[in-house]
Amino acid sequence: MNTIIILLVGLTFGFLLNKSGMTKYSKIVNVFRFTDMGVLQFMMTALVVAMSGLYGLKAVGLVTFPNVPATYIVGNLVGGLIFGVGMAVAGFCPGTCVAGAGEGKLDYLVPGVLGFLTGAAIYGLTYQTVFPAISSIANSGAAIIPELWNVNAFLFIILFTVLTLVLFYLIERGGWQRHKEV
Amino acid sequence: MNIINYFKKEEWSPYVAGAGLGIVGILAVFLADSLLGASGAYENIIGWVGQAVAPATFDNMYFNYVMPPGISNGVILLIGIFFGGMLGALSSGTFKIRTNDNPQWNKMMGKTTWKRWLLLFVGAIILEYGAGIAGGCTSGLAISGGMLLAPSAFIFITGMFISGIIIVRIIYKDNY
């Protein structure tokens with residue numbers, strides 16, 4: 001049963017990655033050029049909807065949270081910096097590569113997937129020398145912002161939503177999206 | 001525009017697709033007690049292949065305990081993502097077996113397929129390694145962690161944008 005649900009979740013996720021245009025090289029790279037902010041609009045909308053829904057459901061006792069991704073400042077940041085380099089070069093990420101492969105893109109199915117598997121092997125084989133060291137610096141474990149900063153979760157979510165809407169306004173009307181062809 | 005026509009459209013508003021993704025993120029937790037993710041699945045798969053092909057090399061802490069090999073939930077999710085992408089492309093009539101399909105890439109990096117394949121292969125290695133260190137990728141950490149209000153997600157997103165902007169500036173030079 002759980003397997004079928006997860007398969008359906010993946011199916012919908014892949015469908016939305018296709019419809020949002022995230023499976024295109026230009027869509028990913030152009031967010032870094034500020035000429036198409038679709039990646040940011042897509043991610044921020046998803047975050048606002050999901051955090052409101054999940055914290056709402058948690059407040060009325062309908063969900064318990066699964067394992068929260070751990071916070072270890074240096075590792076999260078360095079990992080993000082490395083990740084961004086790959087995104088800028090390839091124009092995909094681990095999920096959009098597979099969704100794009102499903103669309104018939106051989107560039108994603110062959111070198112893309114093989115690259116991720118190779119990267120996974122290299123990471124797994126060097127894990128012991130890299131990860132324990134970097135993840136022990138400034139490690140707060142499975143921290144969440146409301147507990148860490150002692151702030152009401154809904155207050156934070158409202159603030160986050162307002163900032164997101166301001167960002168969308170600046171993108172749509174404030175000239176934060178440039179117009180430049182390559 | 002009616003809803004069926006909207007489903008057939010090649011590209012949706014990022015707000016509509018994003019709201020959809022938010023709902024999917026909620027449902028994953030609510031129905032299956034799991035998070036979205038992608039990078040971890042590659043670890044499960046390569047651990048599985050590696051332990052079959054080179055058991056001594058892949059017999060380590062990581063592949064035995066941290067990311068156990070085999071068909072994990074993450075792998076099932078990844079299979080779903082593949083067919084979801086296919087369904088999306090079929091719905092808009094854009095499904096096609098192809099290479100070098102992005103005009104911007106062809107203009108900036110050239111139409112040579114082997115060069116694109118080499119760069120995507122190297123890029124994917126970098127992405128997966130970065131995701132490993134960070135503790136997840138765009139879906140497993142940025143979206144899944146962010147929606148639970150984990151600081152790690154926002155630190156990761158910041159890092160990703162800093163280096164992404166720098167590297168694209170370097171690659172695009174005058175065309176940035």
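In what follows, chains carry the letters A, B, and so on, assigned in the order in which the sequence lines appear, proteins first and then strands, with residues in each chain numbered from 1.
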Heavy-atom pairs under 4.5 Å with chain B are the metric here; pick the option from [options] that has the most.
options                         : value
Y127(A), F116(A), F34(A)        : F116(A)
G79(A), G86(A), A120(A)         : A120(A)
S135(A), S52(A), P69(A)         : P69(A)
K58(A), Q128(A), M51(A), K27(A) : M51(A)
V98(A), V49(A), V89(A)          : V98(A)
F92(A), F156(A), W149(A)        : F92(A)

Starting at [atom1] of [X], measure out to [atom2] of [Y] and round the result to the nearest 0.5 Å.
X       : Y       : atom1 : atom2 : value
I145(A) : S152(B) : CD1   : OG    : 8.5 Å
E128(B) : L117(A) : CD    : CG    : 8.0 Å
N60(B)  : Y65(B)  : CG    : OH    : 10.5 Å
M43(A)  : S20(A)  : CE    : OG    : 11.5 Å
M44(A)  : T161(A) : CE    : OG1   : 9.0 Å

Does any heavy atom of chain A fall under 4.5 Å from the side chain of [X], the backbone, both, or neither of them?
X       : answer
L118(B) : neither
M67(B)  : neither
A153(B) : neither
N73(B)  : both
L87(B)  : both
F161(B) : both
N100(B) : both
V16(B)  : neither
K8(B)   : backbone
D33(B)  : both
F7(B)   : both
K107(B) : side chain
S13(B)  : neither

[X] side chain to [Y] backbone, donor-acceptor under 3.5 Å:
X       : Y       : value
N152(A) : P146(A) : no
R116(B) : M109(B) : no
N76(A)  : A134(B) : yes
T45(A)  : A19(B)  : no

Sort [X] into side chain, backbone, both or neither according to what part of it lies under 4.5 angstrom from a heavy atom of chain B.
X       : result
T23(A)  : neither
L148(A) : side chain
L57(A)  : side chain
L114(A) : both
V68(A)  : both
V130(A) : side chain
L8(A)   : neither
A121(A) : both
L77(A)  : both

Using a 4.5 angstrom heavy-atom cutoff, name the option from [options] with the most pairs to chain A.
options                           : result
G164(B), G136(B), G50(B), G20(B)  : G164(B)
L35(B), I45(B), L141(B), I157(B)  : L35(B)
I81(B), I125(B), I165(B), T158(B) : I81(B)
R98(B), M61(B), E10(B), M86(B)    : R98(B)
A38(B), G123(B), P14(B)           : P14(B)
G37(B), G159(B), G130(B)          : G159(B)

For residues [X] and [Y], report the shortest heavy-atom separation together with the two atoms involved.
X       : Y       : result
S92(B)  : K19(A)  : CB-NZ, 3.9 Å
A50(A)  : G22(B)  : CB-O, 3.6 Å
I143(B) : L21(B)  : CD1-CD2, 4.2 Å
N102(B) : K24(A)  : ND2-CB, 4.1 Å
D107(A) : L120(B) : O-CD1, 3.5 Å
A124(B) : G112(A) : CB-O, 3.5 Å

Could you walk me through whether Y62(B) and E43(B) pass side-chain contact (heavy atoms from CB on, under 4.5 Å), step by step? CA-CA 9 Å; Y62(B) 186 77; E43(B) 307 283 358; 3.2 Å; yes

Tell me, yes or no, whether the heavy-atom count around L62(A) atom CG, taken from other residues, nucleotides or ligands under 6.0 Å, exceeds 12. yes

May I ask you to decide if the ring planes of F63(B) and F58(B) are parallel, tilted or perpendicular, using 30° and 60° as cut-offs?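 Ring orientation of F63(B) relative to F58(B): tilted.
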
Looking only at heavy atoms, which of residues 168-182 of chain A get nearer than 4.5 Å to chain B?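 From residues 168-182 of chain A, the residues near chain B are F168(A), E172(A), R178(A), K180(A), V182(A).
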
Common cluster, V151(A)/F160(A), ILVMFWY with side-chain heavy-atom separation under 4.5 Å: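 As far as the 4.5 Å side-chain criterion goes, F160(A) and V151(A) are connected within one cluster.
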
Shared hydrophobic cluster for I71(B) and I6(A) (ILVMFWY, side-chain gaps under 4.5 Å):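 Yes; tracing contacts between hydrophobic side chains, which count when under 4.5 Å, links both residues.
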
Evaluate side-chain contact (heavy atoms from CB on, under 4.5 Å) for L109(A) paired with F82(B), printing each intermediate quantity in order. CA-CA 10 Å; L109(A) 183 66; F82(B) 178 84; 4.0 Å; yes

Working note: V66(B) + F131(A), criterion side-chain contact (heavy atoms from CB on, under 4.5 Å); need CA distance, chi angles, decisive distance, verdict. CA-CA 11 Å; V66(B) 184; F131(A) 191 79; over 6 Å; no

